Amino acid sequence: MSTTEAPGSSNFIRSIINEDLESGRYDQVITRFPPEPNGYLHIGHAKSICLNFGLAAEYHGRCNLRFDDTNPTKEEAEYVEAIKEDVAWLGFDWGEQPLFASDYFAQLYEWAILLIKKGKAYVDSQSAEQMRVNRGTLTRSGIDSPYRDRSVEENLELFEKMKNGDFPDGSHILRAKIDMSAPNMNLRDPAMYRILHARHHRTGDTWRIYPMYDFAHGQEDSIEGVTHSICTLEFEDHRPLYQWFHKELEIFAPQQIEFARLNLSYTVMSKRKLLQLVNDQHVSGWDDPRMPTISGMRRRGYPAAAIRTFCERIGVGRSANWIDLSVLEDCVREQLNETACRRQAVLKPLKVTITNYPTDKVEELTAPNHPQQPEKGSRVLPFCNELWVDRDDFMEEPPKKFFRLGPGREVRLRNAYIIKCDDVVKDDSGEVIELRCSADLDTLGKNPVGRKVKGIIHWVSARHAEKLEVRVYDRLFNQENPDKAENYLTALNPESLQVTEALAEPTLREAKGGETFQFERVGYFTVDSKESQEGKPVFNRTVTLRDTWAKIK
RNA sequence: UGGGGCGUCGCCAAGCGGUAAGGCACCGGAUUUUGAUUCCGGCAUUCCCAGGUUCGAUUCCUGGCGCCCCAGCCA
């Protein structure tokens with residue numbers, strides 16, 4: 001599965017891989033997607049997933065799913081499961097078992113000892129604060145730790161005790177001995193191992209020390225034979241260190257390649273902020289349909305194929321980018337237009353009575369499930385003299401370009417007759433509460449001769465309508481870039497969720513969780529797989545239809 | 001004012017010395033029992049700026065300008 005999409009346009013990563021293959025530096029392509037299980041995956045991760053798994057498939061290589069679980073204070077098994085589900089749903093296969101950084105803890109520990117013995121690592125006993133001060137600044141070099149020249153024996157002994165849990169958190173730390181005056185801050189004796197008396201989701205209480213990202217990631221890649229280790233731009237400064245460990249340890253050296261992370265308008269992408277949205281209950285959870293998480297989008301009704309298309313379409317480069325939400329929505333519509341069956345449902349009901357239609361008569365009209373795909377079949381639409389239409393499809397004083405219902409106007413009822421608005425009934429407050437119309441009963445499946453009726457509106461039989469809960473979603477944030485607000489929370493869109501009731505054609509009652517329909521002229525709606533019940537589906541608005549009338553207005 | 005990057009249409013993005021792909025958005029127009037879809041057509045004499053090399057530069061060189069990342073015992 002997964003790579004049915006058209007091959008993407010060229011990008012700098014493919015160029016690098018081609019060169020590496022031609023030069024013989026590597027003879028295959030092995031990549032990896034290395035999430036930290038400290039939150040749910042979002043659309044930015046999808047970009048990385050599609051890139052890594054996509055490249056591996058393209059070059060007939062392999063892509064590992066490897067959890068970078070080196071910080072037990074932030075990671076949980078729940079996240080591991082959620083991440084696996086999301087990657088699989090996106091359509092990618094990581095082989096028999098996912099891998100874990102924690103699988104390599106013993107090896108990493110041995111390598112740390114090797115570096116100590118080589119005089120390339122030492123135990124520092126400064127406080128975190130002292131270390132920070134002594135690290136210097138961007139423009140001023142750091143100064144050596146007073147513990148920098150401890151003997152190998154002493155370092156070995158202290159590190160052993162760190163491992164055994166003899167010291168409290170923060171009392172000592174293992175550092176690589178590189179250069180405290182390096183202009184690249186990452187080379188100023190970076191931390192390799194810290195003491196953490198924390199229970200790890202997989203190794204339990206086995207370890208009291210845990211490796212830092214820099215001392216773990218490159219070696220994990222090396223162990224797995226990863227040839228191209230693709231990460232985001234902020235790790236570019238870490239590359240010299242990534243390479244330093246491979247060289248000092250004399251192990252297989254993968255090539256790290258950095259690309260620009262995804263930014264999407266009207267959303268935030270940092271895990272910290274997404275976690276806060278969840279914890280402070282601005283959303284119902286990581287999988288709230290308004291979240292930019294994979295699970296949120298899945299619940300919202302975004303097809304996996306649409307997300308894959310999106311990731312291919314936005315390309316991959318090294319310059320900061322800000323992708324417009326419309327690109328994603330276009331991918332979703334493109335996919336759903338092909339796959340979703342058509343239905344009729346009214347969200348803002350206005351009563352219509354067909355005055356010349358027998359009160360006790362009910363007709364079963366036939367409507368195609370997909371006008372462009374007859375093979376999708378059809379369904380039955382009951383029609384009687386009492387209907388609901390959408391309030392937006394009637395105007396008492398319509399402007400010239402409005403070709404829907406108005407006093408004396410004619411309109412086509414989708415899949416049914418042409419009707420004419422003869423009377424407008426109002427309540428005491430002057431609000432329109434009913435339209436009394438007459439139908440041209442000779443217009444079923446054909447157009448009248450001598451006049452043409454341009455307007456077409458959707459409707460539902462009032463006596464057969466199902467009342468269904470519909471959740472109308474809008475963008476979670478009002479501002480294109482929530483991060484530029486004083487506090488991104490102030491940019492939250494208070495109307496991002498409107499719960500309402502739809503009056504829908506009877507067939508919709510049987511809709512199953514995860515199914516998506518196009519409510520004609522309105523948008524795509526997907527049955528919420530979490531909160532729907534048998535015979536009582538709850539619909540999430542996935543995305544609206546394009547609406548050029550809205551622009552004309 | 002240290003180091004590392006980036007700068008091609010409103011937003012992405014190809015281009016790798018030979019005379020500016022594509023997508024989204026936008027604007028026209030055709031078809032349409034969804035103002036949807038589909039379909040045609042338009043949309044950078046110009047590639048951050050200034051010099052230079054060259055028959056020829058978005059592509060090479062030099063100098064500017066602008067933006068992003070780095071001072072976690074996070075990843």
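Values below: every heavy atom of this structure, side chains too, minus hydrogens, waters and symmetry copies. The sequence lines fix the lettering, A, B, ..., with proteins before strands; numbering per chain opens at 1. Keep in mind that what you see is a predicted model, and the values were worked out from it rather than measured.
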- prompt: Contact class for A/Glu129 (heavy atom, under 4.0 Å): base, sugar-phosphate, or nothing?
  reply: nothing

task: Just call it for A/Ser127: base, sugar-phosphate, or nothing, with non-hydrogen atoms closer than 4.0 Å on any strand.
output: base

- request: Starting from P on B/A36, measure out to CD on A/Gln344 and report it in whole angstrom.
  value: 17 Å

query: Contact class for A/Arg412 vs. all strands (heavy atom < 4.0 Å): base, sugar-phosphate, or nothing?
result: base

field: A/Glu224 and A/Arg66: CA distance, side-chain angles, deciding distance, salt bridge (charged side-chain N to carboxylate O under 4.0 Å, His left out) verdict
entry: CA-CA 10 Å; A/Glu224 294 174 11; A/Arg66 182 183 70 230; 3.0 Å; yes

message: Taking the basic N atoms (NZ, or NE/NH1/NH2) and the acidic carboxylate oxygens, is any pair closer than 4.0 Å for A/Glu236 and A/Arg318?
response: yes

Selected nucleotide, minimal atom distance to A/Asn71 side chain, candidates B/C73, B/A71, B/C74: B/C74

- prompt: Looking across every strand, which nucleic acid part, if any, lies under 4.0 Å from A/Arg414 by heavy atom: base, sugar-phosphate, or nothing?
  reply: base

query: Quick one: does A/Glu329 reach the base of B/A25 with a side-chain donor-acceptor pair under 3.5 Å?
result: no

statement: In whole angstroms, the gap separating P of B/C11 from CG of A/Leu325 amounts to 16 Å

- prompt: What interatomic distance, in whole Å, is found between C1' of B/G72 and the corresponding atom of B/G15?
  reply: 40 Å

query: Mind checking the P distance from B/A57 to B/G18? Whole angstroms is fine.
result: 12 Å

statement: Picking from B/A13, B/G3, B/A71, the nucleotide nearest the side-chain atoms of A/Ser319 would be B/A13

message: Would you say that more than 12 heavy atoms from the other residues, nucleotides or ligands in this model lie under 6.0 Å from the NZ of A/Lys273, or not?
response: yes

- prompt: Mind checking who B/C6 pairs with, Watson-Crick or G-U wobble, both distances under 3.5 Å?
  reply: B/G66

query: Hey, does the side-chain of A/Arg521 have a donor or acceptor N/O within less than 3.5 Å of a partner on the base of B/U34?
result: no

query: Can you tell me if A/Arg379 uses its side chain to pair, donor with acceptor, with the backbone of A/Pro368 under 3.5 Å?
result: yes

message: Need one value for A/Tyr210: base, sugar-phosphate or nothing, where a base atom within 4.0 Å counts as base even if backbone is also close, heavy atoms only.
response: nothing

- prompt: Is A/Val453 touching bases, backbone alone, or none of the nucleic acid, heavy atoms closer than 4.0 Å?
  reply: nothing

message: Classify A/Asp68 by what it touches in the nucleic acid, base, sugar-phosphate, or nothing, heavy-atom distance under 4.0 Å.
response: sugar-phosphate

task: Calculate the interatomic distance between A/Glu19 atom CD and B/C16 atom P; express it in whole Å.
output: 14 Å

message: Rounded to whole Å, please give me the gap between CG in A/Leu328 and C1' in B/C24.
response: 11 Å

query: Is any N or O donor-acceptor pair between the side chain of A/Gln518 and the base of B/U34 shorter than 3.5 Å?
result: yes

- prompt: In terms of base orientation, is B/G72 syn or anti, with the syn window spanning 90° either side of 0?
  reply: syn

query: Are OP1 or OP2 of B/A36 and a side-chain N or O of A/Thr548 less than 4.0 angstrom apart?
result: yes

query: Between B/U34, B/C12, B/A75, which nucleotide has the shortest distance from any of its atoms to the side chain of A/Glu234?
result: B/A75

task: Indicate, with a heavy-atom threshold strictly under 4.0 Å, whether A/Lys551 touches base, sugar-phosphate, or nothing.
output: sugar-phosphate

- prompt: When the distance from CG of A/Asp169 to C1' of B/C74 is rounded to whole Å, what number comes out?
  reply: 15 Å

message: With nearest nucleotide decided by heavy atoms, which residue, A/Asp330 or A/Ser15, maps closer to the 5′ end of RNA chain B?
response: A/Ser15

message: Measuring from the side chain of A/Ser326 (C-beta onward, heavy atoms only), which nucleotide among B/G3, B/A13, B/C24 has the closest atom?
response: B/C24

message: Mind checking if A/Pro371 touches a base, just sugar-phosphate, or nothing, with heavy atoms under 4.0 Å?
response: base

message: Any donor-acceptor pair, under 3.5 Å, between the side chain of A/His458 and the base of B/A36, if you only look at N and O atoms?
response: no

message: Over all strands shown, is A/Ser265 touching base, sugar-phosphate only, or nothing at heavy-atom distances under 4.0 angstrom?
response: nothing

- line: When rounded to whole Å, the CZ to C1' distance for the pair A/Arg135 and B/G3 reads 15 Å

message: How about CZ on A/Arg391, more than 12 heavy atoms from neighbouring residues, nucleotides or ligands closer than 6.0 Å, or not?
response: yes

message: With hydrogens left out and only the distance checked, is there a donor-acceptor pair under 3.5 Å joining A/Asp237's side chain and the base of B/G3?
response: yes

task: Name the nucleic acid region contacted by A/Thr137, choosing base, sugar-phosphate or nothing; use a 4.0 angstrom heavy-atom cut-off, strictly under.
output: base

- request: Identify which nucleotide among B/U34, B/G3, B/C73 has an atom closest to any side-chain atom of A/Pro183, counting heavy atoms from C-beta outward.
  value: B/G3

message: Please evaluate residues A/Arg188 and A/Asp144 with respect to the criterion salt bridge (charged side-chain N to carboxylate O under 4.0 Å, His left out), reporting the C-alpha separation (whole Å), side-chain torsions for both, the decisive distance (0.1 Å), and the verdict.
response: CA-CA 9 Å; A/Arg188 319 247 261 229; A/Asp144 288 0; over 6 Å; no

message: Evaluate A/Lys271 against A/Glu36 for salt bridge (charged side-chain N to carboxylate O under 4.0 Å, His left out), listing each step before the verdict.
response: CA-CA 11 Å; A/Lys271 274 195 197 172; A/Glu36 180 187 13; 5.1 Å; no

- request: Tell me what A/Phe403 touches on the nucleic acid: a base, only sugar-phosphate, or nothing, going by heavy atoms under 4.0 Å.
  value: base

query: Between B/G15 and A/Ser10, is there an OP1 or OP2 to side-chain N/O distance shorter than 4.0 Å?
result: yes

message: At 4.0 Å (heavy atoms only), tell me whether A/Lys401 reaches a base, stays on the sugar-phosphate, or touches nothing.
response: base

task: Could you tell me whether A/Gln372 contacts a base, only the sugar-phosphate backbone, or nothing, with contacts defined as non-hydrogen atoms closer than 4.0 Å?
output: base

query: Between B/U8 and B/A13, how far is it from one C1' atom to the other, in whole Å?
result: 9 Å

query: Think A/Arg132 has a side-chain N or O under 4.0 angstrom from the OP1 or OP2 of B/A71?
result: no

B/C74 OP1/OP2 closer than 4.0 Å to side-chain N/O of A/Arg194: yes

